[in-house]
Amino acid sequence: MFKSILVGTSLLAASLMLGSCGEKAEKAEKPAVFITIQGQDLIKPDGTKLFIMGTNLGNWLNPEGYMFKFSKTNSPRFINEMFSQLVGPDFTAEFWKAFKDNYITREDVQFIKNTGANTIRLPFHYKLFTDEDFMGLTTAQDGFARVDSVVEWCREADLYLILDMHDAPGGQTGDNIDDSYGYPWLFESETSQQLYCDIWRKIADRYKNEPVILGYELFNEPIAPYFPNMEELNGKLEDVYKKGVAAIREVDNNHIILLGGSQWNGNFKPFKDSKFDDKIMYTCHRYGGDPTKEAIQSIIDFRDKVNLPMYMGEIGHNTDEWQAAFCQTMRDNNIGYTFWPYKKMDGSSFVGITPPENWANIVYFSEAPRTSYKEIRDARPDQAMARKAMMDFIEACKLKNCVVQEGYIQSLGMK
């Protein structure tokens, strides 16, 4: 009997060992679920190459004036101030909630998928992850709720998602596009850099296991070319990127991190240590110029030098013929692209919003002198009319009421 007990115990131990080995083998053979980098290519979990094609959800979580037909009133802060002067802060808050609920929806994401796209870039304002005043909320911002929705919609549509901090603390650009105070204070403020790192760490911790997300773009178009100390600022770019990467890597080693060049994502000379992380890719932007390889040769040369993927995060606002020619150039040179933007008033986008009745009166107010309270009073149109026009805009921005720009979409060659 003792012998049989020993035999049984040995069999049990062997069984446990085999089970343990089997579990280890199973774990080792578990397929990758995240996009990875192989030289200049992005590789999907099934081992095939991902060539990025798609669009940007601009204006939704980082309003820009020109997409509303505003010119001088061109940053989120300015737009919110103008609306508050026009119809009051309470109605403005109601407008922003309706705007966020309707400007981009599940239907929009499915439409984007149906164009042949495989990737969406989501620009967002850092304030969405703070308790700062932004788009109608002054505490408990809804950034995670909004991003969670897009993640879910992209999963349903089989699209990849790039998270782009379009407006960083302190401002990384120094122009309207980063909602700054006219200078890229991020590069000179330890406080702003700490907040930027804290937000990215928080975002990365939430999405560290989310394979729908292709990667994190630390910030958009750093350091506009307007400043006499531009080269000094350029010299700080890589170090500020490294701080953001380090913060993300504290919680997330799965996702790729995207770095854009200075001066509208076009100058890659500031990068001296291109492989300080093993999951880095680069992103460029370009509007206008010749649609030829020669026009982007410096970008190609940098990409070849570092032997890492390069992706055209923003491009657009051109003729269909130019876009078709340049898309071919990018395909020939292995540079993926997401066109800017998906939706705005009128054309040069995937879908166009038709301005509602009396929107011209709101545009007039946005352009009128408003540097004194008397000027605000003198320029303000009838409030009932303005409120109706703003809510009519909400209806007009819904996909079912937009005009599909067929030629624009076809020019991108995604099908």
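None of the values given here were measured: they were computed from a predicted structure.
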Roughly how far apart are [X] [atom1] and [Y] [atom2], rounded to 0.5 Å?
{"X": "Lys69", "Y": "Asp346", "atom1": "NZ", "atom2": "CG", "result": "3.5 Å"}
{"X": "Phe124", "Y": "Met165", "atom1": "CZ", "atom2": "CE", "result": "4.5 Å"}
{"X": "Met53", "Y": "Met312", "atom1": "CE", "atom2": "CE", "result": "15.0 Å"}
{"X": "Asp178", "Y": "Thr173", "atom1": "CG", "atom2": "OG1", "result": "4.0 Å"}
{"X": "Ile296", "Y": "Asp301", "atom1": "CD1", "atom2": "CG", "result": "10.0 Å"}
{"X": "Leu57", "Y": "Asp164", "atom1": "CG", "atom2": "CG", "result": "10.5 Å"}

Side chain [X], main chain [Y], donor-acceptor under 3.5 Å:
{"X": "Gln193", "Y": "Leu186", "answer": "yes"}
{"X": "Thr119", "Y": "Ile52", "answer": "no"}
{"X": "Thr105", "Y": "Asn102", "answer": "no"}
{"X": "Glu367", "Y": "Ser71", "answer": "yes"}
{"X": "Tyr126", "Y": "Leu195", "answer": "no"}
{"X": "Thr283", "Y": "Tyr311", "answer": "yes"}
{"X": "Lys343", "Y": "Val351", "answer": "no"}
{"X": "Gln405", "Y": "Ser348", "answer": "no"}
{"X": "Trp60", "Y": "Lys100", "answer": "yes"}
{"X": "Arg303", "Y": "Asn333", "answer": "yes"}

Tell me, with the steps shown, if Phe268 and Cys284 meet side-chain contact (heavy atoms from CB on, under 4.5 Å). CA-CA 9 Å; Phe268 292 88; Cys284 55; 3.8 Å; yes

Neighbour count >12 (heavy atoms, 6.0 Å) for atom [atom1], [X]:
{"X": "Lys236", "atom1": "NZ", "result": "yes"}
{"X": "Lys49", "atom1": "NZ", "result": "yes"}
{"X": "Lys72", "atom1": "NZ", "result": "yes"}
{"X": "Phe276", "atom1": "CZ", "result": "yes"}
{"X": "Glu357", "atom1": "CD", "result": "no"}
{"X": "Tyr287", "atom1": "OH", "result": "yes"}
{"X": "Trp185", "atom1": "CH2", "result": "no"}

Between [X] and [Y] (salt bridge meaning N to carboxylate O under 4.0 Å), is one present in this structure?
{"X": "Asp205", "Y": "Lys202", "result": "no"}
{"X": "Lys400", "Y": "Asp108", "result": "no"}
{"X": "Lys398", "Y": "Glu107", "result": "no"}
{"X": "Glu231", "Y": "Lys269", "result": "no"}
{"X": "Asp142", "Y": "Lys97", "result": "no"}

Would Phe68 and Phe393 satisfy ring-ring contact (aromatic ring centres under 6.0 Å, His included), going step by step from the backbone distance to the final call? CA-CA 9 Å; Phe68 294 97; Phe393 172 89; 5.4 Å; yes

Locate the shortest heavy-atom distance separating [X] from [Y]; write the atom from each residue and the value.
{"X": "Gly260", "Y": "Pro222", "result": "O-CG, 4.0 Å"}
{"X": "Pro381", "Y": "Asn361", "result": "CG-O, 4.3 Å"}
{"X": "Gln40", "Y": "Asp304", "result": "NE2-OD1, 3.4 Å"}

If you measure only the distance, is there a donor-acceptor pair under 3.5 Å linking the side chains of [X] and [Y]?
{"X": "Asn334", "Y": "Asp41", "answer": "yes"}
{"X": "Asp148", "Y": "Tyr207", "answer": "yes"}
{"X": "Asp290", "Y": "Thr292", "answer": "no"}

Decide yes or no for [X] and [Y]: does some side-chain heavy atom of the first lie under 4.5 Å from some side-chain heavy atom of the second?
{"X": "Pro309", "Y": "Ile335", "value": "no"}
{"X": "Pro76", "Y": "Met135", "value": "no"}
{"X": "Glu188", "Y": "Leu233", "value": "yes"}
{"X": "Met390", "Y": "Arg387", "value": "no"}
{"X": "Trp200", "Y": "Ile203", "value": "yes"}
{"X": "Asn234", "Y": "Phe187", "value": "no"}

Please check if the distance between the ring centroids of [X] and [Y] is under 6.0 Å.
{"X": "Phe227", "Y": "Tyr183", "answer": "yes"}
{"X": "Trp96", "Y": "His125", "answer": "no"}
{"X": "Phe70", "Y": "Phe78", "answer": "no"}

Apply ring pair (Phe, Tyr, Trp, His ring centres under 6.0 Å) to Phe339 and list each qualifying residue two or more places apart in sequence or on a separate chain.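 Listed in chain order: Tyr337.
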
Does the side-chain contact (heavy atoms from CB on, under 4.5 Å) test come out yes or no for Met281 and Leu42, once each step is laid out? CA-CA 9 Å; Met281 65 179 284; Leu42 296 173; 3.9 Å; yes

Show, in sequence, the C-alpha distance, side-chain angles and deciding distance for Asp277 and Arg249, and conclude whether the salt bridge (Lys or Arg N to Asp or Glu O under 4.0 Å) test is met. CA-CA 9 Å; Asp277 184 86; Arg249 293 303 182 223; 2.9 Å; yes

Hey, mind stepping through Trp153 and Ile120 against side-chain contact (heavy atoms from CB on, under 4.5 Å) and telling me if it holds? CA-CA 11 Å; Trp153 301 336; Ile120 285 175; over 6 Å; no

Please state whether the rings of Trp322 and Phe326 are parallel, tilted or perpendicular, taking 30° and 60° as the class boundaries.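 It falls in the parallel class, under 30°.
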
Ring geometry between His255 and Tyr216 (parallel below 30°, tilted from 30 to 60°, perpendicular above 60°):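 Plane angle between 30° and 60°, so tilted.
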
Go through Lys113 and Glu156 one step at a time and tell me if the salt bridge (Lys or Arg N to Asp or Glu O under 4.0 Å) criterion holds. CA-CA 10 Å; Lys113 173 64 176 181; Glu156 293 171 354; over 6 Å; no

Just to verify, which of Tyr66, Tyr342, Tyr103 counts as forming a side chain to side chain contact (heavy atoms under 4.5 Å, CB included) with Asn59?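 Going through Tyr66, Tyr342, Tyr103 one by one, the side chain to side chain contact (heavy atoms under 4.5 Å, CB included) with Asn59 is satisfied by Tyr103 alone.
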
Pairing residues for Lys44 by the side chain to side chain donor-acceptor pair (under 3.5 Å) criterion, not counting sequence neighbours: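 Applying side chain to side chain donor-acceptor pair (under 3.5 Å) to Lys44 gives none.
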
